[in-house]
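For reference, the structure discussed in these notes is given below.
Numbered from 1 within each chain, the chains take letters A, B, ... in sequence-line order.
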Amino acid sequence: MLDRKLIRKDTDRVRRGIESKRVDFDLDGFLAMDAAMRNLIQESEKLKAEKNEASLEVSRLKKEKQDASDILARMKKTSERIKEVDVELKTAVERLEAAELSIPNIPHESVPVGKGPQDNPVVSTWGDPGTGVAKPLFHWEIGEKLGILDMAAGAAVTGRGFVVLRGDGALLSRALVNLFLDIHRRQGYEELAVPYVANRDSMTGTGQLPKMEDDMYHCVKDDLFLVPTAEVPITNVYKDSVLEGEALPIKCTAYSPCFRREAGSYGQDTRGLIRVHQFDKVEMVKFTRPDDSYGELETLLGDACEVLRILEIPHRVIELCSGDLSFSAAKCYDIETWSPGVEKWLEVSSCSNFEDFQARRARIRFRREKGGKPEFVHTLNGSGLALPRVIATILELNQTPTGKVRVPKALVPYMGGREYLEA
RNA sequence: GGAGAGGUGGCCGAGAGGCUGAAGGCAACCGCCUGCUAAGCGGUUGUAGGGGUAAUACUCUACCGAGGGUUCGAAUCCCUCCCUCUCCGCCA
């Protein structure tokens, strides 16, 4: 959510932001609604001031045992009028608030303007994306051969887009989660274990709602949503709070399964582990002072990249251009790993600064000093990392000519000392 | 799921239709006082929104878990919902 005052005063900047994100939003209509609402506020408050004054007068007259029926009769009318105006006002506020939730965050000035993924500049690359295998297999072929990936079972249990990992596959997944969490703990993040369903307010707080409702799994009876990322529960841990300035930055990490309906995605890039409806991920979230958030974004990105360096996985960092930036983000880096089988760069992490966009929605504030005015914090989050694509990359990258898969060194202790996955 | 008890400012806690944004206490801050510390005395201290201003000042409105209702007037009465605690049931 943006500051309404900013929208009023700096309309052009907001307009440019919306356009550069290629979002369709009627800003002029919004401003008209806003002006109309403020007129109603003024009318309502004027009437209420009148009522309050009369109320005192009535109270005084009654104490002096005088007749107040004139005022009472007049105020009955005023009260009715207040009700009418307030009904109008309530509708106006509701419409405005609903519209407000659909205004995207403004890209940071450093964000390159562009239309889509093809305009995302590469920021850096690490390692040599190559493999010793002449004809690399796809990860789903490797996985099925090793008996660690069972796509058919996933489809049987639930349906397309759900997978079952077996044996060492399940172990690999568990090992990765543990390794990731251990790394982030060392990097200074507090580990949390969080709920995997979240209520509507939380989903709105982090910006998934209202826009992405169709992409969520929804428990209708309780109006709860399966979390699409641990970002939702972690960020909302501090919903409605005022933090001490000295406590910032607050850094948290948590594992969670992530549930995404991916409504409307089909065909390309959906085979194997590339795009599934349920996947595991370790997430990092930071709550920072506004002045520090861009520095913190860089270290967050570094923290995520470190995981890949530890896993010896070649990767590159790209910066999302304005047109590819998500609804809530002001700036975002994606980290991609090269998978020689599918011959694609796979997004395994997204590190974003939301500035005060989420904080405003979720009402997360801090005081610079004791007794100071509460200000909105900046929130950031990044995957560290999403599992399925990391698994896909490990399988494809570390496959050997003999059909085995080498386990990255750092992961070996987490795999019961196993150095290779084999059939 | 059933039965009870609750939810009031940074915290504790009163208030049970009318000068109550809310007594009292604690805490914090600012003075004064005391040789230092402690004590004591006086004062200040919520959030959000509107108007206003260069910014203050000033001013209005709302807020006693949330939303409705009754009333000229609601923290106080009525309804619905949420949350916390205790007991029972159910599941692990």
Side-chain angles (χ1 to χ4, degrees), chain A residues 1-10 30-101 103 193-205 209 219-225 233 236-248 356-377:
Chain A
M1 197 151 66
L2 299 176
D3 185 357
R4 263 186 219 168
K5 284 182 187 139
L6 175 85
I7 300 174
R8 284 174 204 145
K9 278 189 183 162
D10 217 343
F30 179 85
L31 286 168
M33 279 161 66
D34 179 58
M37 184 214 56
R38 277 186 294 161
N39 280 333
L40 286 170
I41 287 178
Q42 284 190 51
E43 190 178 348
S44 166
E45 290 187 350
K46 211 177 103 194
L47 290 166
K48 280 173 188 165
E50 219 175 282
K51 182 191 83 175
N52 288 342
E53 207 181 320
S55 228
L56 288 181
E57 185 66 9
V58 169
S59 176
R60 194 181 58 80
L61 289 174
K62 292 227 162 170
K63 266 185 195 155
E64 294 172 6
K65 307 244 191 285
Q66 291 185 45
D67 178 49
S69 50
D70 276 6
I71 304 179
L72 258 45
R74 208 174 68 232
M75 281 308 111
K76 198 171 174 79
K77 288 223 173 71
T78 306
S79 279
E80 277 159 17
R81 179 70 192 135
I82 289 173
K83 263 179 201 164
E84 285 166 23
V85 174
D86 277 354
V87 167
E88 269 182 78
L89 178 61
K90 199 186 159 201
T91 331
V93 168
E94 277 167 4
R95 280 180 57 210
L96 195 72
E97 282 174 352
E100 187 173 41
L101 289 175
I103 304 175
V194 293
Y196 303 146
V197 287
N199 61 32
R200 193 168 278 276
D201 188 47
S202 294
M203 297 296 288
T204 307
L209 292 181
C219 310
V220 178
K221 269 194 179 171
D222 302 297
D223 198 24
L224 296 174
F225 296 84
N236 282 289
V237 159
Y238 291 104
K239 182 165 73 180
D240 285 311
S241 40
V242 181
L243 305 165
E244 293 298 331
E246 308 91 75
L248 301 178
D356 65 4
F357 190 82
Q358 292 181 326
R360 207 174 274 283
R361 288 175 163 235
R363 304 164 297 276
I364 306 170
R365 296 177 297 169
F366 79 104
R367 290 184 212 275
R368 270 178 207 274
E369 58 225 31
K370 277 213 175 5
K373 277 240 179 273
E375 295 173 54
F376 290 107
V377 300

Original post:
Are Asn199(A) and Ser202(A) close enough, and set up right, to give a side chain to side chain donor-acceptor pair (under 3.5 Å), and what steps lead you there?
Top reply: CA-CA 5 Å; Asn199(A) 61 32; Ser202(A) 294; 3.1 Å; yes
For a quick check of understanding: with a heavy-atom distance under 4.0 Å over all strands, which category does [X] fall into, base, sugar-phosphate or nothing?
X: Lys62(A); answer: base
X: Ser79(A); answer: sugar-phosphate
X: Arg8(A); answer: sugar-phosphate
X: Lys83(A); answer: sugar-phosphate
X: Ala54(A); answer: nothing

Subject >> Distance in Å, Arg8(A) CZ paired with Asp34(A) CG, rounded so as to fall on 0.5 Å steps >> reply: 4.0 Å
Original post:
How long is the span from the CG atom in Leu96(A) to the CE atom in Met37(A), to the nearest 0.5 Å?
Top reply: 5.5 Å
When the [atom1] atoms of [M] and [N] are compared, how many Å lie between them, rounded to an integer?
N: U8(B); M: G13(B); atom1: C1'; result: 9 Å
N: G73(B); M: U84(B); atom1: C1'; result: 33 Å
N: G69(B); M: U76(B); atom1: C1'; result: 15 Å
N: C26(B); M: C78(B); atom1: C1'; result: 36 Å
N: C90(B); M: G1(B); atom1: P; result: 15 Å
N: A74(B); M: U20(B); atom1: C1'; result: 12 Å

Subject >> Proximal nucleotide (of G51(B), C19(B), C60(B)) relative to the Ala49(A) side chain >> reply: C60(B)
Subject >> Side-chain donor/acceptor of Thr204(A) to backbone N/O of Arg200(A), under 3.5 Å >> reply: yes
Original post:
Now, which nucleotide makes the Watson-Crick or G-U wobble pair with C87(B), with each of the two distances under 3.5 Å?
Top reply: G2(B)
**OP:** Determine which nucleotide pairs with G35(B), using a 3.5 Å limit on both distances of a Watson-Crick or G-U wobble pair.
**Re:** none
Original post:
Is the shortest side-chain N to carboxylate O distance from Lys77(A) to Glu80(A) below 4.0 Å?
Top reply: no
**OP:** Assign each of Arg365(A) and Arg60(A) to its nearest nucleotide of RNA chain B by heavy atoms, then name whichever residue's nucleotide is nearer the 5' end.
**Re:** Arg60(A)
